[in-house]
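In what follows, a structure is listed as C-alpha cells, so that the remarks can point back to it.
So that the names make sense, note that chain A is the first sequence line, chain B the second, and so on, each numbered from 1.
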Amino acid sequence: MRISARGLFWLKVLLHISFLLPAFYLVALVLTGNAGGDPVQYIIHYTGMGAINSLLATLLISPIAKRFKIAALMQTRRLVGLYVCAYALLHISAFISLDLLFAWRLLFEEVIKRPYILVGAATLIIILLLAITSLNRIKRSMGKRWQSLHNWIYLAAILAPIHFYWSVKSEIIEPSIYIALFAALLFYRKDSIYKWLKPKK
Amino acid sequence: MTGKKRFTQGIQKRASWHIPDNQVTPESVFNDRRNIIKALGLGALGASLPGQVQAGIFDLFGEQQAKNPFTTQGLQYSTPPKFVLPNPKTPEDKVTRHNNFYEFGSSKSDPYDNGQNFKVDPWTLTIDGLVDKPITLDLHELTTRFALEERTYRLRCVEAWSMVIPWVGFSLASLLKQAGVQSNATHVAFETLFDPEQMPGQKSRLMGGGIHYPYVEGLTVAEAMNDLSFLAVGLYGKTLPPQNGAPIRLVVPWKYGFKSIKSVVRIRVMDKQPPTSWNQLASSEYGFYANVNPEVDHPRWSQASERSIGEGGLFSAKRIPTQMFNGYGDSVADLYKNIDLRKFY
C-alpha cells in the first residue's frame, strides 16, 4: 500500500497527538487531585509505562510495515522512538526530583545497589544514545556504524521489561505480559539479531 | 542542622519520638491551596466546554464516585498527651487517598476508588484461641466497649515513604487483657475480612497483587501487649473509611506499615508463630518482625531515609533520615535486645 506525502504528514500528526495526549492527561490528573493522595509513585509509574508502551510501538512498526507492505510507515519510526526517550526522561526526572528529592548521593548508591535501577539506567543510556544519533547530520556522518548502534534497541527491548518486572513488589502479571510481548517482537527479528551478533570477518 | 547535612550524617539521635524542625500548615490552608490549583487547572479547561462534555471529563477522572463517599461518623475520645506528636500531621485527604490495601487493588488510588461501597455493618471481630474468655465484638461495641483515645503516630511504609496520622482507638493490650491471654500463649494472629464480592483484589490475581487471601499478620504476645500496639477505629476524629481499614485495624507504629493489618475480623492467640501474608509471598524480602530499621535495606528500597508526605504539593515533600524502630525505640527496643535484627528482619 502506498501512502502519499500528505497521508504521511497526517499520520505523523496523529502519532504526535496519541503520544502527547497521555502526558496531558497525566498533568490534568495531578492538577485535579486524581492521581491519588500522593501522586509521586503514580507519576513515576505512569511515565515508565509511557516509555515501555512507546518502545513496544517502535518495535511494532517494521513488522506491520512488512506484513501490510506499507513502506512509508518506516518513516514514522524515529518520531515514535523519540517519544520513548521523552517518556523515559520524564520517568527518571520524576524519580530523581519527586521521589529522591535530588538526593544525588542516594541516587548514586541506589543505582549501584539495586539491580533493577541499574538495569533501568542502562536502558535509559541506550535510548539516549539512539535519540541523540537520530539527528540526520549525525546519522550521515556515522555511516555504517549508525545501524550497528541502533541495533542496540534490541538490548533495550530485553532490559526494559526486566526493569519493570524487577521493580514491582508482587504484581507480576502485567510485567510478565510485557516480557512475553517483547520476546515475541525480538523473536520475529531473530535473523537480523543473529546477523548483528555474528562476528564480522 | 540543615536537612541535607542531617541526611549525609545519618540518623539523628533523640530521646523521645519528636522530630522538631517542621512548621505546621493548617489543613484549611492546604485545602484552599488545593482548590485554587484545581480551579486554575480544570476550571479554565472546563469552562469552555458544553455541560455534557464537562460531565464526561469528570466521569473520566472518577469524580462521580467521590460524590458518594463512604459515610464516617464523629467519635468521642480523649487525647492523652503521651501520644501527641509535635510533627505536622499529614493532611487528611492524603491519608485517605494514598493507601496500600491490595484487597481493593494494588495501585495507591484503588482502595479509595474501589472501596467506597464497602459494608461494615454488620461486622464481628472475634478474639479467641488461647484466651480465658473469647470475645466477639459487633460494630457498635468496637467504638463503645473501650474508652477511645487519639494517638498521633508516625507510619513508615516499607516503600520508604511516611506519614504522621492521628488515629482514634484503644490499646490492643486492653482488649487482650479482657479476653485473658493464657500463660502458654506466645503469638497473636490477625486476619482481614475475606469477601471477594466486596473486595475485587481477593477475586482476581491481577488486582490483588498475587497475595494469598485472607491477609494475615501476627505479633508476639510481648509486642501485642506493648503500650504502643493500637486498634484504630478512627482517623482524624471520625470513624475509619474503608481504604484505611474500616471498621477496625491494627496500628503498630514501630513496624513497617504492612504489619498494621486492616479490616480485622479475627484475632487469635496462639502458641506458635502465625504465617504472615508478605512473608508468605516473598520471605527473603519481608520477615515476620518487619521492624523499621534504617540499617537493613529492602532489595528495592534503601531504608536509610524516607520521603515524608506532609502538606503541600508535589515539590514540597521532604526526605528525612529514618529512625530505628521508627523513632519508638525508647518503648520497644527492649523487646529485641537478644535478637539479631539483620537475621530477624
Side-chain angles (χ1 to χ4, degrees), chain A residues 21-22 24-46 48-49 93-120 163-177, chain B residues 3-4 7-8 34 37-38 40-42 45 57-58 60-63 66 90-100 102 106-110 112-113 158-161 163 205-211 243 278 281-282 285-286 297 299-302 304-305 307 309 313-315 317-319:
Chain A
L21 263 186
F24 286 123
Y25 181 64
L26 176 64
V27 173
L29 282 179
V30 172
L31 287 180
T32 56
N34 284 285
D38 174 58
V40 174
Q41 198 190 6
Y42 191 95
I43 295 171
I44 294 173
H45 196 181
Y46 188 102
M49 293 314 296
S93 315
F95 177 58
I96 292 173
S97 65
L98 302 177
D99 194 359
L100 298 185
L101 300 159
F102 301 105
W104 294 105
R105 215 180 96 160
L106 182 60
L107 173 71
F108 185 67
E109 286 165 8
E110 292 286 89
V111 169
I112 294 173
K113 265 206 286 206
R114 320 231 172 260
Y116 86 95
I117 296 183
L118 188 63
V119 168
H163 168 69
F164 181 22
Y165 186 94
W166 225 337
S167 71
V168 298
K169 216 156 67 164
S170 69
E171 322 68 282
I172 57 166
I173 295 174
E174 204 186 346
S176 304
I177 293 169
Chain B
K4 194 171 179 182
F7 178 74
T8 51
R34 207 177 171 91
I37 295 172
K38 221 172 184 170
L40 280 175
L42 208 74
L45 185 74
I57 285 179
F58 284 105
L60 206 59
F61 292 168
E63 293 272 323
T90 302
E92 185 178 352
D93 73 335
K94 293 192 184 183
V95 178
T96 57
R97 300 289 295 265
H98 183 73
N99 309 96
N100 278 324
Y102 280 25
S106 58
S107 117
K108 295 284 182 294
S109 46
D110 284 343
Y112 174 84
D113 290 341
V158 70
E159 297 165 1
W161 50 266
M163 292 182 175
R205 266 187 80 85
L206 193 63
M207 280 197 80
I211 289 177
Q243 62 273 27
W278 281 99
L281 191 73
E285 301 182 13
Y286 309 95
D297 276 351
R300 272 184 295 285
W301 304 284
S302 159
S305 65
R307 193 166 50 82
I309 299 176
L314 263 184
F315 294 95
K318 289 194 181 108
R319 258 201 118 77

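- In this structure, a donor-acceptor pair under 3.5 Å is present between the side chains of B:K108 and B:N100.
- Ion pair A:D38/B:R97 not flagged as a salt bridge, since none of the NZ, NE, NH1 or NH2 atoms sits closer than 4.0 Å to an Asp/Glu carboxylate oxygen.
- Between A:K113 and A:E109, no side-chain nitrogen of the basic residue sits less than 4.0 Å from a carboxylate oxygen of the acidic one, so the salt-bridge criterion is not met.
- Note on B:E285 versus B:R300: salt bridge recorded, some NZ/NE/NH1/NH2 to OD/OE distance being below 4.0 Å.
- B:W278 touches chain A through its side chain: at least one heavy atom from C-beta onward sits under 4.5 Å away, while N, CA, C and O do not.
- Highest contact tally toward chain B, considering only A:I172, A:V168, A:L101, is held by A:L101 [criterion: heavy-atom pairs under 4.5 Å].
- When heavy atoms are compared at a cutoff of 4.5 Å, B:A317 approaches chain A by way of both its backbone and its side chain.
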